[in-house]
Amino acid sequence: MTGTFGAVTPGRWAMIAVAVALAAVFPLVYHDPYYMTIIVTGEIVLILNISWNFVLGMAGVWNFGQLAIYALGAYSSGWLMLHHSGVPVPLAILFGGLFSGVVSVLLAFPTLRLFGIYTSLLTFSFAQVIQYVAVNNPHGLTGGSFGFPEVPGLFPDLGQTAYLRAYYWVCAGVIIASCFAVAWLRQSHLGIALRSVRDAPAYTAARGVNPRAARVAAFGLSGFLAGIAGGLYLSFEQSFTTSQMGLTPMSLDVTMLVIGGLGTVSGPLIGTALLTVIQTKLINYPGWQLTVLGATLLVIVVFVPGGIVGLFGRIDRRVRGWVAEDADEAEPAPG
Amino acid sequence: MTDAVAILANGVVYGSIYGLVAIGMTLIYGTLRILDMSQGSMVMVGGYVGWWALATHGVNAVLALVAAFVFTFALGTATELVSVQPLIARRNEVDFELVTFITTFAVAIFLTNVALQHFGPFQQNVPTIVSGNLKLYHGVSISYHELTMAVISVVLMIGLGLFLARTRWGLAVRAVAQDLDAARSLAVPVTRLYPLTMGLASALAGVGGVFLGALYFASPTAGDLPLLFALIVVVLGGLGSLTGTLYAAYLVGMTQSFCEVEIGTTWTLPILYGAILAILVFRPYGLKGSPSEARL
Amino acid sequence: MSEAPSGGRRGMSRKSFLQGTAGAGAAGLVIGGGIGYGVGNSSGSSSSGSSGGGGGKKKGTLKIGSASPITGPYAGDGQQMIRGQELAIDELNEGGGVAGYQLELVKLDSKDQSPDVMKTVLQNLVSQNVAAVFMPFCSYTSVEFPIVAAKKVPTFHVNTWHGNVDWVAQHNATNIFEGDPSELSYGAGIVSVLGSLMDAKTWTPRNKTTYIVSSNDPYSLNIAKSYQSSITKLGWKVVGFDQFTVPQANWGGVLVKIRDANPDVIVFSDYAAGDEAAFIKQFAQNPTQSIVYQQYAPSIPQYLQLAGSAANGVIWSTVVGILQNDPIADPFNEKFTSKYGASAGFSNAGDQYDLMKIWAQAAGFAGDPYNFDKINAYIKATPYRGVCGAYSFNHTGLTCIPYPDDTPDPSIGMPHLTFQIQNGKQVAISPEPYTTGKFQLPPWLQ
Amino acid sequence: MTAALAVRGLVAGYDRSVVIDGLDLEVGDGATAVVIGPNGHGKTTLLRAVSGLIKPFRGEVELAGERIDGLAAEAIARKGIVHVMQGDGLFVEMTVEENLLMGAFPGGSWRGRRAALKRVYSELPAVEERKAHKARTLSGGERRLVGLGRGMMRPGRLLLIDEPSLGLAPVAIDAVYAVIRRLRSEASSAVVLIEENFTHVGGVADVVHILEAGRIVRSGPYAELAADRTVVETYLGSIAEVPS
């Protein structure tokens, strides 16, 4: 899968349309509140993962500050929801996205001089500072480790089923939009620039692409989406605690990305879905949730480097070979 | 004055322990270009070995330390074999550092949760190695346990330094850190050297764990804070620089000690991480480090 | 390589076949359906419906939900909680069950009780049609309360957080009971215990100074601040107020300051057993001339094991604690010890045991464990005497009334117990009639 | 008698690009073979494939009759191949003496290594003078000498030397070649030396092979090839000032 629009055949478009349609009608036929809650939470995590994967896959940067950026989106949109109740909630979420985008851009600048593990350490340190400052603010904006004070959310007047459905659709909309945006960006000037910066910095610079601007842009876009995810999370869960930035959610998200396949459009979709199912299945075996997580992460990184998407890619190449044979067979075969 | 003495004494104790944990991380980073996130787990495991030996089997302190050393050495070796060895072929790829960062982190998650299932959530009390206090100045005192811990840390760190400077295998470790191909062409068996290096580093952390267990107890998450501090130390020292790590360990210990007294315990970690952030922004490769050289 | 069947032209070439089905990126959007399918068939709703009918013999099993911390920072508390719940259930089952049902405890992990975890766990329990929910610790934002409030399923917590009680009062919830008083009683309680020591002349402060150490979460801070305001009203001076972030094992810096200040009283308002045990161990190396008060944590058996002899002399209190030398609590303690080979400690095993019994009594009275209105009304109206003393729920927030803080009547108030550790034993020193001994000066003050 | 080194049908390269393409080479016992060829035609790749630093795609490599292709570099080194790498491959943060000691890494006692050290110092007094300095602080010529000295630290069956003159000033080159000549006359091991041109290899080479586009295109004694004007001019610059 090349991931560019140019390669999307009519068959694929039809497939996408069917998938979107199925996803859209799904909550009309399914309404178990427990699983719907998990699915909506999974959708929000997916938005976060798409944002994370974007900066990772495009700029080749493991940004371990992404959860802090996500949290800042939640806190800043929550600040509007709580203290400026005149502002419509969707605008507050959008504000959270913008705020996170700006912070993410600011975070991008110091990473420009660094490479590899240093970038990760810088962003990790950033996340630690944000997390501790939030923890140390128990009676202030963040509510500390006990959580953000209750906010109204997007749909305060809906009943449970309708509430879940509404959030499901909103999140699905954001997911679809961001998937298309990412797919489009990949084959845009910026996307090509970013990937060539990652793979061959000198070549890119020679072609007149400014690698710094490209990376800053990737951070900004990724931060914006992460902030939106944070705002959605806060409005859906009506709370946000500092543990959302902790090591456990980070390990979970990293594993989702790695399992799906880093830097691909469909990787986060597959990884998030798969791990959400596994973690939910293991809810009755709490000790095993993280043990399995650690083992899975290790096995995938070591033995399936491209994640599931990469694995499918290899299978796909085999299948293409198979198709090619078919084309050969159309010719009168000798013998 | 009393404050100053107390800050100094605490700082030395903290610094010695961070040094012991961080120096292993530095050794591994210097040799293998891996930021080993499983070091914290080795502290945790060392604590449990100490508890098992001292509290439940009543063996003497030296044996307990040796047991922790041996066990974490083996565990570190095993960690390398599962989380790094299969990836060695990708050593020269750009993302090797990050991939192994993640695999060792995965090992850490795994070990923490295995400990949780095996030992349960409770903390366990590890007896002190030596009892009693040394009175320093106007009521400032330091326990002999902490003193022993500091001394053994320093001895182990000096020992590591001598090992690297004076022995055939020590030279080989440094050689591998600096030029892998040249070292291999001189018949250094890297496939054995890597697990041994990681075993050695883990064993240092494991010994640290026995001491820490007596101060802060053995528990499944006992390695988390030492890891967070060790990360600060290795970055501050410049990844891969042994001397830098040593300075940084004591600097971080002193800073922590100072923050706790003068600013507030709760601000220690954010201040230290803020400092790291500033250092990475303005002086990206730590106090002693430089970007492209191997430094062991 | 050429084994592929090659008989004639297929209706569809391999290529077009693939084009139709190859997953485009967005195919992952079936995620919703995928998860629904993946998880949806794992555990349906409870098989045991409320089939009504009078008190026949066996009606099958009844699911009771437990959302207790099995992993994470409170896992130590969680183990005690679950043991208390299970002990009660075992007794009830042996006695023939509740309203003809055998009980089955469905245990889910509430981890660090962050709001999202609590919501998920409660949704799960509610969807399993549990007859009651025991969530000893819940979130401090109460955002999960609507899930159980909507169903009116009897729900019990001991979160000791006034914010949760406020939520119940504001929303007129009828089914969310707090099995102990909220944390506000702690601060004034400490001051009154100190006052009684001074009145009895068993201890005299040198210069009326106190040092406060609190973790930076709102619960601990609220206790610290209410203590601060109560004691400063009596003319005391607060010579230090330290905040830390859990887990905190390094007390070196805090102790430097404490030793500088040499206060009359050190008050610790955090609740993590390991942190407090580490503190007292490090304090005991070179103690100051101070009374040391540590809130709640010493109630967990592990605290004594970790702190050892360093803990001798420490006083602590709990707004919910298992009574000692008490005709109701003693059999419980024995049973617990013989079943688990470990002490029940002083609070959470006992309160969970009591609350399970309270629910069972009400459900038995109602005759139908799904007649939630009747059960809730019964619990609210009926005081109960359990292993932790008297439970009677105040009528607005459905929280227990503390004795002696809010009522002088021990038969309706839950005793706010203060203990001192003496020679490795827990001795209740306040309030009467629950005491088992007298306060003694800590060894470092003698 | 088996050759010290025999390479047959070697195909090697990096990733998917083939650099050495079907190369055959034989070096007799105790002989010195010089491989000459333009940049980028596979000289260094050839040495790296022989010493195992890269795995050959195809073909055979024999060291004194024993197949070694496919073995790990450290195993091949233990079998007696000493590889003096291009750009010297010194451990820059280690002292000169530590670098030399690494040359005697496999086996050996401290005493044996001390003796080897003494021998190298007596051969290379310039190196001894700098023995306590970090390799990083040395001049290019000194580094090359240390590299050669490190190669002399243990007895080898086959010495591979990769472009010893690369990047050096003429004076330094002369010093380096003086050492190589001495080494060759004293030691019994076979040598494969790689250079870009004929300029310095006179008096060193028994046989010269010309490597182009991944294959040996011509072989012969030094005198023969050096006398062939077309060869010299086509491939390899001038030999005017080289004594023949």
Side-chain angles (χ1 to χ4, degrees), chain A residues 1 3 8-9 11-12 15-16 19-20 22-23 26 30 32-35 37-39 41-42 46 132 135-136 138-139 144-150 160 168 172 175-176 179 183 237-239 241 243 265-266 269-270 272-273 276-277 280-281 283-284 286-287 319 322-323 325-327 329 333, chain C residues 1-2 4 6 9 13-16 18-36 38-40 42-43 45 70-71 106-109 111-112 114-116 119-121 123-124 126-128 139-143 147 150 161 163 216-219 221 243 245-246:
Chain A
M1 182 164 35
V8 181
T9 58
R12 277 192 186 172
M15 185 68 197
I16 292 172
V20 169
L22 277 178
F26 173 73
Y30 188 83
D32 181 285
Y34 169 55
Y35 292 115
T37 306
I38 288 181
I39 290 167
T41 312
L46 175 55
Y132 281 109
V135 167
N136 279 347
H139 289 301
S145 56
F146 280 14
F148 201 86
E150 192 175 340
Q160 189 183 43
Y168 175 91
I175 292 169
I176 293 167
C179 275
E237 300 284 0
Q238 298 181 306
S239 191
T241 56
S243 64
V265 178
S266 47
L269 292 163
I270 294 170
T272 309
T276 304
V277 170
T280 307
K281 286 263 185 199
I283 193 166
N284 288 315
V319 174
W322 179 69
V323 170
E325 261 172 49
D326 184 52
E329 279 165 26
Chain C
M1 290 294 261
S2 58
S6 58
R9 310 300 304 249
S13 78
R14 287 176 180 177
K15 191 172 177 198
S16 58
L18 281 173
Q19 277 175 350
T21 55
L29 274 175
V30 192
I31 170 182
I35 295 176
V39 298
S42 68
S43 62
S45 54
I70 300 173
T71 63
V106 180
K107 288 167 282 189
L108 293 180
D109 186 4
K111 300 179 183 172
D112 58 355
S114 64
D116 59 322
K119 279 177 98 171
T120 313
V121 164
Q123 287 280 16
N124 184 320
V126 164
S127 76
Q128 296 198 47
S139 91
Y140 293 91
T141 52
S142 311
V143 294
I147 296 167
W161 177 242
N216 58 7
D217 68 44
Y219 169 85
L221 277 174
Q243 284 184 45
T245 307
V246 273

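Convention: sequence-line order gives letters A, B, ...; per-chain numbering from 1.
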Applying a strict 4.5 Å limit to non-hydrogen atoms, the region of C:T120 in contact with chain A is both
So CG of A:N136 and OG1 of C:T245: to nearest 0.5 Å the spacing works out to 4.5 Å
Would you mind checking which part of C:D116 comes under 4.5 Å of any heavy atom in chain A, side chain (CB onward), backbone (N, CA, C, O), both or neither?
-> both
Checking heavy atoms, do the side chain of C:S139, its backbone, both or neither come under 4.5 Å from chain A?
-> neither
Is there a side-chain contact between C:D109 and A:I283, using heavy atoms and a 4.5 Å cut-off?
-> no
Of all residues at least two apart in sequence or in a different chain, which pass the side chain to side chain donor-acceptor pair (under 3.5 Å) check with C:Q123?
-> A:T37
Side chains of C:V143 and A:S239 in contact at under 4.5 Å (non-hydrogen atoms) | yes
Portion of A:T41 that has a non-hydrogen atom of chain C nearer than 4.5 angstrom | neither
Flag the pair A:H139 / C:P218 as yes when at least one side-chain heavy-atom distance between them is below 4.5 Å, and no otherwise.
-> yes
Could you give the distance from CG (C:D112) to OG (A:S145), rounded to the nearest 0.5 Å?
-> 9.0 Å
Given that the side chain runs from C-beta out, which part of A:F148 has a heavy atom under 4.5 Å from chain C: side chain, backbone, both or neither?
-> backbone
Reported CD-to-OG distance for the pair A:Q238 and C:S142, which is rounded to 0.5 angstrom | 11.0 Å
Quick one: list whatever passes side chain to side chain donor-acceptor pair (under 3.5 Å) with A:T241, sequence neighbours left out.
-> A:S243
Determine the interplanar angle of the A:F146 and C:W161 rings, folded into 0 to 90°, and report it as parallel if under 30°, tilted if 30 to 60°, perpendicular if over 60°.
-> perpendicular
Under a 4.5 Å heavy-atom cut-off, does chain A meet the side chain of C:K107, its backbone, both or neither?
-> backbone
